[in-house]
Amino acid sequence: MKSIFSFLIFAALIYACSSSNAETRATSSISDKAEDGEKIYKTYCVTCHGVNGDMGGSGAFDLTKSQLTLEERIKIISEGRNMMTPFKELLSKEKIKAVAEYIETLRTDQ
Ligand code: HEC
């Protein structure tokens with residue numbers, strides 16, 4: 001009987017932990033647009049482009065020197081180019097636009 005009781009406490013603890021995780025996930029998704037772009041960049045792009053855009057992993061373009069317009073960036077992010085993977089299946093149009101706007105802030109030569 002005692003072991004059933006401690007199992008129940010254990011199960012309740014696991015349940016409490018997992019539900020509080022779900023809560024933090026829900027609140028962290030509420031953010032304004034600029035923040036969104038940064039978050040998307042840090043999730044999907046830093047592996048090749050680096051936090052500052054100039055890492056050049058997998059031969060990635062140095063985004064601090066990019067001269068592209070917003071439309072051209074949106075196109076490359078959506079369709080991909082050479083070693084860069086297309087993101088249109090992964091990210092919505094709004095998210096692609098948000099991240100394209102964010103990488104503009106990484107430019108050092110404006
Ligand atoms: C797998 C590695 C990889 C990932 C992940 C990646 N890129 Fe790239 N990116 C590249 C490479 C490589 C190039 C250069 C493509 C070429 O040589 O034509 C590039 C080029 C670009 C360019 C063109 C720059 C220019 O001026 O020509 C933009 C804009 C860009 N990436 C944005 C992004 C964004 C935004 C993300 C995240 C959503 C991202 N990339 C994720 C590898 C990557």
Side-chain angles (χ1 to χ4, degrees):
M1 190 57 199
K2 202 169 170 231
S3 66
I4 291 175
F5 188 64
S6 49
F7 170 74
L8 283 178
I9 291 180
F10 185 55
L13 268 177
I14 290 180
Y15 179 71
C17 289
S18 58
S19 63
S20 72
N21 276 345
E23 220 168 272
T24 46
R25 236 179 282 131
T27 45
S28 66
S29 69
I30 302 165
S31 55
D32 69 27
K33 230 180 145 204
E35 229 178 344
D36 242 343
E38 183 174 0
K39 210 162 65 186
I40 296 161
Y41 183 82
K42 288 184 173 151
T43 309
Y44 297 99
C45 321
V46 284
T47 38
C48 295
H49 290 285
V51 179
N52 300 317
D54 59 357
M55 186 174 85
S58 306
F61 197 93
D62 184 348
L63 296 179
T64 64
K65 298 191 169 65
S66 178
Q67 301 291 330
L68 299 176
T69 63
L70 181 64
E71 283 70 34
E72 289 168 327
R73 287 194 305 261
I74 288 175
K75 189 163 189 291
I76 289 172
I77 298 163
S78 310
E79 312 286 330
R81 205 175 73 192
N82 299 326
M83 285 293 291
M84 182 166 153
T85 41
F87 283 90
K88 64 170 184 271
E89 309 288 335
L90 275 165
L91 299 169
S92 67
K93 275 205 171 82
E94 291 73 30
K95 287 189 167 153
I96 289 176
K97 183 154 184 270
V99 75
E101 279 165 357
Y102 173 73
I103 56 178
E104 178 115 41
T105 67
L106 300 173
R107 285 195 198 177
T108 52
D109 62 344
Q110 1 192 358

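Bear in mind the structure is a predicted one, so any value in this text is a computation, not a measurement. Both counts, for ligands and for their atoms, begin at 1 and track the order of listing. Only heavy atoms go into these numbers, but all of them, side chains included; no hydrogens, no water, no symmetry mates.
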Nearest neighbour in protein (non-hydrogen) for atom 5 (C) of ligand 1: Y44 O, 3.3 Å
Atom 10 (C) of ligand 1 [closest protein heavy-atom partner, distance rounded to 0.1 Å]: M84 CB, 3.3 Å
Do I103 and S66 pass the side chain to side chain contact (heavy atoms under 4.5 Å, CB included) test, and can you show the C-alpha distance, the side-chain angles, and the key distance before you say yes or no? CA-CA 9 Å; I103 56 178; S66 178; over 6 Å; no
Could you list which atoms of ligand 1 come closer than 4.0 Å to a heavy atom of S58? 12 (C)
Does L91 share a hydrophobic cluster with L68, counting links as ILVMFWY side-chain heavy atoms below 4.5 Å and allowing steps through other members? yes
M83 neighbourhood, listing ligand 1 atoms whose heavy-atom distance to it stays under 4.0 Å: 1 (C), 12 (C)
So H49 and Y41, would you call those rings parallel, tilted or perpendicular, with 30° and 60° as cut-offs? tilted
Got an N/O contact under 3.5 Å between N82 and ligand 1? yes
Please list, in number order, the atoms of ligand 1 under 4.0 Å from a heavy atom of L68. 23 (C), 24 (C), 25 (C), 26 (O), 27 (O)
Please write down residue, atom name and distance for the protein heavy atom closest to atom 29 (C) of ligand 1. I103 CD1, 3.6 Å
Nearest 0.5 angstrom please: T64 OG1 to L106 CG, how far? 8.0 Å
Near A60, which atoms of ligand 1 are under 4.0 Å from a heavy atom of that residue? 10 (C), 11 (C), 12 (C), 13 (C), 42 (C)
Of the non-hydrogen atoms in R107 and L63, which two are nearest, and what is the gap between them? CG-O, 3.9 Å
Is any side-chain heavy atom of M84 closer than 4.5 Å to a side-chain heavy atom of I77? yes
When you compare ligand 1 with R81, is there at least one nitrogen or oxygen pair between them that comes in under 3.5 angstrom? yes
Side-chain heavy-atom pair Y102, I40 within 4.5 angstrom cut-off: no
Would you say R73 has any N or O atom under 3.5 Å from an N or O of ligand 1, going by distance alone? no
Quick test: of every protein heavy atom, which one is nearest to atom 38 (C) of ligand 1, and how far off is it to 0.1 Å? C45 SG, 2.7 Å
Which ligand 1 atoms, with their elements, are less than 4.0 angstrom from a heavy-atom of G59? 12 (C)
Do you reckon M55 sits in the same ILVMFWY cluster as F87, going by side-chain contacts under 4.5 Å, direct or chained? no
With heavy atoms and a 4.0 Å threshold, my read on which part of F61 contacts ligand 1 is both
Give a yes or no on whether a salt bridge exists between K42 and E38, defined as a side-chain N under 4.0 angstrom from a carboxylate O. yes
Is it true that M83 and Y44 fall in one hydrophobic cluster, defined by side-chain heavy atoms closer than 4.5 Å? no
Within the 4.0 Å heavy-atom shell around C48, which atoms of ligand 1 are there? 1 (C), 2 (C), 3 (C), 4 (C), 5 (C), 42 (C), 43 (C)
Less than 4.0 Å is my threshold; does some heavy atom of L63 fall inside it relative to ligand 1? yes
Just which atoms of ligand 1 are under 4.0 Å from any heavy atom in S66? 24 (C), 25 (C), 26 (O)
Can you check whether A100's main-chain N or O pairs, donor with acceptor, with R73's side chain at less than 3.5 Å? yes
Counting only heavy atoms, which portion of H49 has something under 4.0 Å from ligand 1: side chain, backbone, both, or neither? side chain
